[in-house]
Student: 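Take this structure first; my questions come after.
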Amino acid sequence: MTRIVFIGAGSVVFTRQLVADLLRFPDLPELDLVLHDIDPARLEVARGTAAQLSARFGRPLRVTATVDRRTALDAADVVVDMIQVGGIDTTSVDIELPASFGLRQPISDTTGIGGVFRALRTFPVLSAIARDMRELCPDALFLNYTNPMAMNIWWLSVVSPQLRATGLCHSVYWTVHDLCALIGVPVEGTHFRAAGVNHQAWLYEWSRDGEDLYPRLRDKIAADPELERRVRVEIFRRIGYYPTETSEHSAEYLSWFLRSDEQIERFRLVPGQHLATAEQNLAEFRAAQRTLAEGKELELDAEGDAAEYAPQIIHSLITGTEREIHTNIPNRGFISNLPRGAVVEVPTKVDGAGLAPITVGAIPTQGAAHNRTYLSVAELTVEAALTGRRDAVLQAMLVDPNASSTLTPDRLADLVDEMFKAHQVLLPSTLGGGAELDLSDVPARS
């Protein structure tokens with residue numbers, strides 16, 4: 001049987017979606033699903049969820065749950081990562097501490113100071129997972145859902161370049177579905193491709209039956225002034241290509257939106273809104289825990305095609321089905337006007353032989369210019385953890401558009417110091433933190 005391992009399976013809602021998507025493929029054989037989490041209570045809910053779904057779908061599924069990561073990874077074929085190091089408490093710090101300095105972030109998990117410190121907390125755990133995989137399942141495919149996506153995959157490409165690590169995000173998929181709904185065109189039969197960086201890729205192809213759908217979108221926006229009060233619509237107007245992540249995420253990549261009350265009101269942004277999402281996720285976990293304890297059925301999304309990429313990849317690997325998705329990988333010439341080695345998001349062919357990223361060439365120059373800014377933040381973050389240079393974290397913030405347009409260098413320096421203090425126990429040992437970071441296996445850097 002194909003052995004699939006979920007690391008961070010206590011992300012109960014996400015685990016439920018992934019398992020349901022897998023079981024909706026009628027031609028998959030029985031799978032060996034191993035669930036791992038460091039929280040026994042969350043792990044038990046994940047196990048109960050998988051068992052219930054197997055029974056409801058009438059599909060055999062071998063389910064094992066363990067708090068021991070090495071036991072989980074032994075002989076794995078596919079490893080799906082969805083960890084959140086530090087949980088909701090660290091998320092609160094990432095949003096509330098910068099806010100006390102006047103720096104506003106709606107999401108704070110991918111870029112900006114919240115994204116940087118989330119990455120620094122995650123790197124030691126990723127390194128430990130990679131070390132175990134090199135020993136226990138060196139040929140396994142590692143599929144990462146954990147944010148900050150580009151920084152995490154970049155880190156793995158440096159500390160364990162021999163691993164087959166790929167980042168997955170559903171932003172392109174849902175962007176196209178939402179846009180098609182907006183202009184009243186069925187998504188079936190639509191051809192679309194995007195490229196750039198995670199949460200800031202550009203929809204450079206979007207057509208149906210040979211018709212470019214962008215003119216319909218422009219007409220729709222022109223007919224509805226309220227649409228112009230959305231961040232992504234403003235970016236589309238100025239850049240010429242639609243960005244592939246929500247307005248709340250997109251606002252954090254640029255200096256245009258969060259620096260003033262007027263812009264926040266105009267574009268209907270809610271700084272700190274991710275805290276409400278985190279609380280909702282916690283409530284959903286508790287609800288699932290109660291539902292399983294009472295022997296009731298869990299709520300599922302409406303039945304349809306698998307929406308998440310990991311189940312699609314697993315299905316293609318096993319059955320040979322050909323499909324095209326979008327993945328995040330180190331740039332080996334796939335996008336010619338973004339730096340080599342930086343992690344980019346590109347269309348990718350998937351079949352029984354694995355994943356084959358598509359060479360895009362040059363993306364629109366104006367989009368690449370903004371992508372490079374984010375990639376500079378990511379590069380400095382990786383550099384900080386590798387070298388122990390705490391000043392590289394401040395330098396990342398001096399590049400970051402939202403942070404540097406909101407706070408002076410002195411205030412940013414003070415904020416970075418406070419973030420180091422708040423997260424110290426989870427930060428890499430190279431940066432004076434309490435999380436062991438063994439770099440003895442890192443290849444020599446040229």
Side-chain angles (χ1 to χ4, degrees), residues 1-69 71-73 76 78-92 107 109 125 143 145-147 168 170 174 273-312 314-315:
M1 280 186 281
T2 302
R3 186 176 176 90
I4 302 165
V5 180
F6 287 3
I7 303 291
S11 179
V12 171
V13 176
F14 202 42
T15 290
R16 184 191 312 169
Q17 181 67 49
L18 294 178
V19 174
D21 280 356
L22 281 170
L23 294 177
R24 284 180 172 135
F25 287 115
D27 54 346
L28 278 180
E30 182 178 1
L31 300 173
D32 182 9
L33 178 63
V34 183
L35 307 172
H36 165 70
D37 201 278
I38 62 173
D39 184 329
R42 282 185 169 271
L43 184 60
E44 178 56 25
V45 172
R47 187 205 60 76
T49 296
Q52 184 187 113
L53 293 180
S54 176
R56 285 173 62 177
F57 281 92
R59 301 291 311 285
L61 184 67
R62 179 187 292 179
V63 181
T64 306
T66 176
V67 295
D68 185 270
R69 186 178 65 226
T71 298
L73 289 172
V78 179
V79 178
V80 182
D81 171 49
M82 41 188 158
I83 62 175
Q84 183 184 357
V85 179
I88 190 173
D89 291 340
T90 54
T91 298
S92 298
I107 308 296
D109 72 352
V125 182
L143 302 177
Y145 276 105
T146 297
N147 283 325
L168 305 179
H170 50 219
W174 286 116
Q273 76 171 71
H274 190 54
L275 287 177
T277 302
E279 292 289 352
Q280 180 183 349
N281 289 339
L282 183 58
E284 289 180 351
F285 159 69
R286 290 170 177 160
Q289 193 175 38
R290 289 192 302 271
T291 298
L292 290 171
E294 295 167 0
K296 297 178 181 178
E297 288 194 344
L298 296 163
E299 291 186 10
L300 296 177
D301 290 341
E303 187 169 349
D305 294 336
E308 291 296 340
Y309 285 149
Q312 293 182 49
I314 292 166
H315 180 261

Student: For Ala288 versus Val12, what's the shortest heavy-atom pair and its separation?
Tutor: CB-CG1, 4.1 Å

Student: Are the side chains of Leu300 and Phe57 in touch, meaning some heavy atoms are under 4.5 Å apart?
Tutor: yes

Student: Measure across Ala50 and Leu61 and return the closest heavy-atom pair with its distance rounded to 0.1 Å.
Tutor: O-CD2, 4.1 Å

Student: So, Arg59 side chain and Phe25 main chain: donor-acceptor pair closer than 3.5 Å or not?
Tutor: yes

Student: Where the side chain of Arg56 meets the backbone of Leu298, is there a donor-acceptor pair that is under 3.5 Å apart?
Tutor: yes

Student: When rounded to the nearest 0.5 angstrom, what is the spacing between CD in Glu279 and CD in Glu284?
Tutor: 12.0 Å

Student: Start with the C-alpha distance between Val19 and Thr49, add both sets of side-chain angles, then the distance that settles side-chain contact (heavy atoms from CB on, under 4.5 Å), and finish with yes or no.
Tutor: CA-CA 9 Å; Val19 174; Thr49 296; 5.9 Å; no

Student: For the backbone of Glu299 and the side chain of Arg16, can you confirm whether one donor and one acceptor N or O come within less than 3.5 Å of each other?
Tutor: yes

Student: Keeping the roles fixed (side chain from Tyr145, backbone from Phe14), state whether a donor-acceptor pair exists under 3.5 Å.
Tutor: no

Student: Under the rule for side chain to side chain contact (heavy atoms under 4.5 Å, CB included), what residues qualify as partners of Ala9, not counting sequence neighbours?
Tutor: Phe6, Thr15, Leu35, Ala46

Student: Closest heavy-atom contact between Ala72 and Val5?
Tutor: O-CG2, 3.2 Å

Student: Using only atom types and a distance under 3.5 Å, with no angle test, would you say the side chain of His36 pairs donor to acceptor with the backbone of Thr66?
Tutor: yes

Student: With sequence neighbours left out, what residues match Tyr309 under ring pair (Phe, Tyr, Trp, His ring centres under 6.0 Å)?
Tutor: none

Student: Is there a side-chain contact between Thr91 and His274 (heavy atoms, below 4.5 Å)?
Tutor: yes

Student: Can you tell me how far CZ of Phe285 sits from CG of Asp39, rounded to the nearest 0.5 angstrom?
Tutor: 6.0 Å

Student: Write down the atom of Ser11, the atom of Met82, and the distance for their closest heavy-atom approach.
Tutor: CB-O, 4.2 Å

Student: Roughly how far, to the nearest 0.5 Å, is the CG atom of Asn147 from the CD1 atom of Ile107?
Tutor: 10.0 Å

Student: Looking at Gly10 and Asp37, what are the two nearest heavy atoms and their distance?
Tutor: N-OD2, 2.7 Å

Student: Quick one: does any side-chain atom of Thr146 pair with a main-chain N or O of Ile83 as donor and acceptor, under 3.5 Å?
Tutor: yes

Student: Would you check if the side chain of Asp21 reaches a backbone N or O of Glu308 as a donor-acceptor pair within less than 3.5 Å?
Tutor: yes

Student: Donor-acceptor check, side chain of Glu44 to backbone of Ala65, threshold 3.5 angstrom: yes or no?
Tutor: no

Student: Write down the atom of Asp32, the atom of Arg3, and the distance for their closest heavy-atom approach.
Tutor: OD2-NH1, 3.1 Å

Student: How long is the gap from CD1 on Ile7 to CD1 on Ile38, to the nearest 0.5 Å?
Tutor: 11.0 Å

Student: Give the C-alpha distance, both sets of side-chain angles, the deciding distance and a yes or no for side-chain contact (heavy atoms from CB on, under 4.5 Å) between Thr90 and Val85.
Tutor: CA-CA 8 Å; Thr90 54; Val85 179; over 6 Å; no

Student: To the nearest 0.5 Å, what is the distance between CG on Leu282 and OG1 on Thr277?
Tutor: 12.5 Å

Student: Rounded to the nearest 0.5 Å, what separates atom CG in Leu292 from atom CD in Gln52?
Tutor: 5.5 Å

Student: Take Leu53 and Leu22 through the side-chain contact (heavy atoms from CB on, under 4.5 Å) test and state the conclusion after the steps.
Tutor: CA-CA 10 Å; Leu53 293 180; Leu22 281 170; over 6 Å; no

Student: A side-chain contact here means heavy atoms from C-beta on lying under 4.5 Å apart; do Leu28 and Thr2 qualify?
Tutor: no

